[in-house]
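Notes follow once the structure below has been shown.
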Amino acid sequence: MTDDTEVPIPSAALPAPLTIAQIKEAELVALSRAPEDVLMDRAARAVARVVREELVAAGQLVPNAHVVILAGSGRNGGDALLAGALLAQDGADVTAVEVSTSAHARGKELFDAAGGVLLNAIAESGLRAADAEVKTADLVIDGIAGLGGTAGLRAPADHLVSVIPSSAVIVSVDLPSGLDADSGEVTGTHVTANVTVAFTAPSWCLVTAPASGAAGRIVVADVGVDVV
Ligand SMILES: NC(=O)C1=CN([C@@H]2O[C@H](COP(=O)(O)OP(=O)(O)OC[C@H]3O[C@@H](n4cnc5c(N)ncnc54)[C@H](OP(=O)(O)O)[C@@H]3O)[C@@H](O)[C@H]2O)[C@H](O)CC1
Ligand SMILES: [K+]
């Protein structure tokens, strides 16, 4: 006879993994009902909630924390910037580093309005300043790339990821940047996260070795996209 305590708890199980194409198809249906901003705001709230939890678990007060965001040009970076705006409103010391020519416009606007400091690491002077910020981070939010990313990190993101101190907690948005979302393959450099906040469903890289070793703890947030 099986002891009840040995039965796995179904609510703790992750939803089934989906491919990029499946997530995008489901997202298109959701976008016909709600604007993209609404979905991204939900994604940002989920990321900010996990960041607060991680800081508390590390024994840090959110207002004393130095949080650095690495933001790519897409919505993944936008989600990270919007989360950064919420954390800056909580009093955290938040710096966002654009690792492309320009990151998500609305994300940047709200981040700036919340008092966040924005740097661009494409130019040499910006990269030097960003390097110093990353080296002193208590927590890094990885918003370099998500479902639209290609495998391997490009400059200057690769350098900035390499100087994240081992003491910093890394929270990846949707998936650790540099992984191929649809497979378990690891080709090139990538982020190795302590926690990954995935939206709607985990992508295959989060649950397939060896890539899954870079995901850390996985949290799947419902942003209002129903799986079809
Ligand atoms: N699943 C959902 O329901 C929702 C997900 N959301 C978030 O949206 C992203 C996907 O956003 P998308 O804009 O399509 O793509 P990315 O943000 O992943 O960005 C792609 C750009 O990133 C640059 N890039 C790509 N690969 C790399 C790399 N290896 N190194 C550095 N940079 C890279 C590239 O831009 P360039 O201009 O620099 O060439 C790509 O264009 C998803 O992951 C979720 O986070 C929404 O919040 C809504 C709901
Ligand atoms: K990411």
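Atoms within each ligand, like the ligands themselves, are counted from 1 in listed order.
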**Request:** Keeping the roles fixed (side chain from D142, backbone from S177), state whether a donor-acceptor pair exists under 3.5 Å.
**Result:** yes
**Asked** Closest N/O/S atom of D142 to the K ion (ligand 2), by atom name?
**Response** O
**Complete:** If you compare E98, R75, H190 by their heavy atoms, the one closest to atom 14 (O) of ligand 1 turns out to be R75
**Item:** Rounded distance (nearest 0.5 Å) linking atom CG of L139 with atom NE2 of H66
**Value:** 10.5 Å
Side chains of residues 149-158: which donor-acceptor partners sit under 3.5 Å, not counting sequence neighbours?
none

**Message:** Among all protein heavy atoms in this structure, tell me which lies nearest to atom 47 (O) of ligand 1, with the distance rounded to 0.1 Å.
**Reply:** D79 OD1, 2.8 Å
**Options I23, L153, D174, ranked by nearest heavy atom to atom 1 (N) of ligand 1, top entry** = I23
**Asked** Do any nitrogen or oxygen atoms of L39 lie less than 3.5 angstrom from nitrogen or oxygen atoms of ligand 1?
**Response** no
**Request:** Distance to 0.1 Å, residue and atom name: give those for the protein heavy atom nearest to atom 30 (N) of ligand 1.
**Result:** R154 N, 3.4 Å
**Donor-acceptor pair, side chain of T208 and main chain of C205, under 3.5 angstrom** = no
**Message:** Quick test: of every protein heavy atom, which one is nearest to atom 9 (C) of ligand 1, and how far off is it to 0.1 Å?
**Reply:** N76 N, 3.8 Å
**Prompt:** For atom 25 (C) of ligand 1, which of A201, G149, A71, G74 has the closest heavy atom?
**Reply:** G149
**Asked** Among protein heavy atoms, which sits nearest to atom 18 (O) of ligand 1, and what does the distance come to when rounded to 0.1 Å?
**Response** G146 N, 2.6 Å
